[in-house]
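The structure appears right after this line, and notes come after that.
Note that this is a predicted model, so its numbers are computed, not measured.
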Amino acid sequence: MRVSSEGTETVVLAVAGEVDLGTAPSLEEAVTAAVESVGAKAVRIDLAEVSFMDSTGLRVLLSGRQHAERLGIGFTVANPRPHLLKVMRVTGIDGLLGVS
């Protein structure tokens, strides 16, 4: 998994590769750092390069959204590949994550 971040008021976290039980802790650290960035008003998680995500990855995204909400920061997920978007829609979390 590759994680990179850019931006100031809107922190964009671009995630690549597979997100599973082994890599989810790295994503969780990156999401927490993005949400807690000084001056951040919104966080956008870009999943365009994610080839696979299991339930641990989805849990990280939901936890990140809850953390952002507690801090009054916007949180959205962008560009999930069709197979991941389908899972998000079936589970009903696409609306919670503001998927675009």
Q) Can you list every salt bridge (Lys or Arg N to Asp or Glu O under 4.0 Å) pair that touches residues 56-65, not counting sequence neighbours? A) E28-R59, R65-E69
Q) With a 4.5 Å heavy-atom cut-off, do L61 and L47 have their side chains touching? A) yes
**Q.** Non-neighbouring partners of T56 that pass side-chain contact (heavy atoms from CB on, under 4.5 Å), sequence neighbours left out
**A.** L21, A24, D54
Q | Heavy-atom closest pair, residues A34 and A40 | A | O-CB, 4.0 Å
Q | Spacing of L58 atom CG and M53 atom CE [to the nearest 0.5 Å] | A | 6.0 Å
Q: Can you sort out the partners of L62 under side-chain contact (heavy atoms from CB on, under 4.5 Å), two or more places apart, ordered by chain and number?
A: I93, L96, L97
Report, one line per pair, each donor and acceptor closer than 3.5 Å where one atom sits in a side chain of residues 82-91; sequence neighbours left out.
unit_1: H83; atom_1: NE2; unit_2: S51; atom_2: O; d: 3.0
unit_1: T91; atom_1: OG1; unit_2: V87; atom_2: O; d: 2.9
unit_1: T91; atom_1: OG1; unit_2: M88; atom_2: O; d: 3.2

Q) Looking only at heavy atoms, which two atoms of D20 and T23 are closest? And how far apart? A) N-OG1, 2.9 Å
Q | Criterion side-chain contact (heavy atoms from CB on, under 4.5 Å) on V19 and F52, from CA distance to verdict | A | CA-CA 6 Å; V19 181; F52 174 80; over 6 Å; no
Validation: residues 74-81 side-chain donor-acceptor distances under 3.5 Å, sequence neighbours left out:
unit_1: N79; atom_1: ND2; unit_2: D46; atom_2: OD1; d: 3.2
unit_1: N79; atom_1: ND2; unit_2: D46; atom_2: OD2; d: 3.3
unit_1: R81; atom_1: NE; unit_2: A48; atom_2: O; d: 3.1

Q.
Is any side-chain heavy atom of V43 closer than 4.5 Å to one of T10?
A. no
**Q.** Which residues share a side-chain contact (heavy atoms from CB on, under 4.5 Å) with E36, sequence neighbours left out
**A.** T32, H67, L71
